[in-house]
Amino acid sequence: MRSIADQSVEELGGPSSVLVRMRREHGEQEALLQRLEATSGDAQDEVLTRLWRVVFPHAYAEETVVWPAIRAVSDDGDELTLHIEQGHQKLSELTAQLERTRPGEPGREELITELVAELRLDIREEEDDLLPRLRAGADNRRLRRLGAAWTLVRHTAPTRPHVAVSRRPPGNVIAALPLSVVDRCRDGLDRAARASTGGVRAAAEAASRALAWVAGAIERSRPVQRGERSRTRPGRWTVHRWLTRDTPPTSNGPS
């Protein structure tokens, strides 16, 4: 199957097709990754905030709207989407670790390097291996309907990593609204902190930490974990680059 990166807008179902919308947002992610690699300190944290507001709603909308559609039209859709979900889980755990690491602390640059590589790999696997199956199994009308649904969900989705939330319905659907509200408030507080000094900065940082505790409490509730597969549970992600290699996975790959 041809990568969606090599197909025209018309071949992908038109401007409102979910494939065109997703590919466009992949381009936005790449532009932000390039900016991230060229910044440091508070400027780098600002780029990270912008990047996460693209990446995590994008991934959430994929898992809620697009992956179920692929599982419905492709015989190997379940295994392929589970593989991508493992990559999303790894990305969430790496990002959560990065959020606990301040600029200049040991290991931060290595985390960012791995996150950049993981995001670029995710884009390639989706565009080259997964999304062509949706193009093959869905007509243009279906792709446009999925595009509308994906866009709606994406604009109401969480903007931060939530490692304990299920990557499949119903858990991710239940978690969406409360976590989205908390995340977007934290985004604003973090921006205010970076633009301030002294007591104002300290107060904004404290408020953001308090909301992080609220998000953690939501994540730990049982309803938002419903539907989770064992291979995407917290702490169980595996390096998933085997899909883009000529060799099969090792014993450390997906089980």
Side-chain angles (χ1 to χ4, degrees), residues 25-26 28-60 86-123 157-165 167 175-176 178-221 224 232-241:
E25 202 156 270
H26 285 164
E28 294 175 18
Q29 290 181 29
E30 175 57 34
L32 286 167
L33 290 175
Q34 292 179 21
R35 289 188 59 187
L36 181 68
E37 292 174 316
T39 58
S40 60
D42 281 353
Q44 188 177 68
D45 279 347
E46 177 62 25
V47 177
L48 282 169
T49 296
R50 293 185 61 187
L51 180 63
W52 302 150
R53 291 200 69 161
V54 176
V55 167
F56 289 109
H58 180 101
Y60 177 85
Q86 286 181 282
H88 288 178
Q89 181 67 19
K90 177 180 180 179
L91 179 63
S92 291
E93 295 190 26
L94 286 171
T95 305
Q97 185 177 353
L98 180 64
E99 286 188 332
R100 298 189 293 269
T101 309
R102 290 183 175 274
E105 288 186 356
R108 180 180 169 91
E109 290 306 313
E110 289 78 6
L111 274 173
I112 290 176
T113 297
E114 187 167 6
L115 280 163
V116 169
E118 197 66 31
L119 276 168
R120 285 175 170 152
L121 175 62
D122 182 69
I123 291 171
T159 62
R160 302 256 178 160
H162 297 288
V163 299
V165 174
R167 300 217 160 265
L179 288 177
S180 179
V181 172
V182 171
D183 287 355
R184 291 165 197 272
C185 288
R186 287 191 67 200
D187 291 344
L189 286 166
D190 289 350
R191 282 201 170 103
R194 288 192 292 272
S196 307
T197 58
V200 173
R201 180 167 185 147
E205 289 175 342
S208 180
R209 288 194 298 270
L211 286 178
W213 183 91
V214 172
I218 295 170
E219 283 190 58
R220 291 188 294 272
S221 65
V224 306
T232 54
R233 285 176 185 155
R236 294 180 61 87
W237 58 259
T238 53
V239 176
H240 69 297
R241 290 180 173 81

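The basis for the numbers below is simple: all heavy atoms, side chains too, and nothing from hydrogens, waters or symmetry mates. All residue numbers refer to positions in the sequence shown, counting from 1. This structure is a prediction, so every number in the text was calculated from the model and none was measured.
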Report the C-alpha separation of Thr49 and Arg194 in whole Å, then their side-chain angles, then the decisive distance to 0.1 Å, and conclude whether the side-chain contact (heavy atoms from CB on, under 4.5 Å) test is met.
-> CA-CA 11 Å; Thr49 296; Arg194 288 192 292 272; 3.1 Å; yes
Apply the test side-chain contact (heavy atoms from CB on, under 4.5 Å) to residues Arg167 and Gln86: give CA-CA distance (whole Å), side-chain angles for both, the deciding distance (0.1 Å), then the verdict.
-> CA-CA 9 Å; Arg167 300 217 160 265; Gln86 286 181 282; over 6 Å; no
Take Asp42 and Arg201 through the salt bridge (Lys or Arg N to Asp or Glu O under 4.0 Å) test and state the conclusion after the steps.
-> CA-CA 12 Å; Asp42 281 353; Arg201 180 167 185 147; 3.3 Å; yes
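At a threshold of 4.0 Å, the pair Arg50-Asp45 does not count as salt-bridged, since none of the basic side-chain nitrogens sits closer than that to a carboxylate oxygen. Under a 4.0 Å N-O distance rule, the pair Glu99/Arg209 does not qualify as a salt bridge. Contact check on Arg53 versus Asp187 returns a salt bridge, with a Lys/Arg side-chain nitrogen under 4.0 Å from an Asp/Glu carboxylate oxygen.
A donor-acceptor contact shorter than 3.5 Å links the side chain of Glu219 to the backbone of Ala164. Proximity of a side-chain donor or acceptor of Asp183 to a complementary backbone N or O of Arg160 within less than 3.5 Å is detected. Not a single donor-acceptor pair under 3.5 Å links the side chain of Ser196 to the backbone N or O of Ala193. Not a single donor-acceptor pair under 3.5 Å links the side chain of Ser92 to the backbone N or O of Pro161.
Here Ile112 contributes atom CD1 and Ser40 contributes atom OG; the two are 9.5 Å apart, rounded to the nearest 0.5 Å. Distance check: Leu179 CG to Ile218 CD1 gives 4.5 Å after rounding to the nearest 0.5 Å. Residue Trp52 holds its CH2 atom at 13.5 Å from NE2 of His58, rounded to the nearest 0.5 Å. Glu114 CD to Thr95 OG1: the interatomic distance, rounded to the nearest 0.5 Å, is 10.5 Å.
Contact record, Val182 with Leu211: CG1-O, 3.4 Å, taken as the closest heavy-atom pair. In this structure, Val47 and Leu32 approach most closely via the heavy-atom pair CG1-O, 3.6 Å. Residues Val224 and Ser221 share a closest heavy-atom pair of CG2-O, 3.3 Å. Closest non-hydrogen pair, Thr101 versus Pro106, comes out as CG2-O, 4.3 Å.
At least one side-chain heavy atom of Thr159 sits less than 4.5 Å from a side-chain heavy atom of Pro57. Between Leu115 and Leu51 there is no side-chain heavy-atom pair separated by less than 4.5 Å. Within the 4.5 Å cutoff, the side chain of Arg120 has no heavy atoms near those of the Gln29 side chain. The closest side-chain heavy-atom distance from Arg184 to Pro158 is not below 4.5 Å. The side-chain heavy atoms of Glu93 and His88, taken from C-beta on, include no pair separated by under 4.5 Å. Residues Leu91 and Leu119 have side chains in contact (heavy-atom distance under 4.5 Å, counting atoms from C-beta outward).
Under the side chain to side chain contact (heavy atoms under 4.5 Å, CB included) rule, Glu25 has a single partner from Val54, Ile123, Val55, which is Val54. For the side chain to side chain contact (heavy atoms under 4.5 Å, CB included) test with Arg108, the passing option among Gln97, Arg102, Gln44 is Gln44; the others fail.
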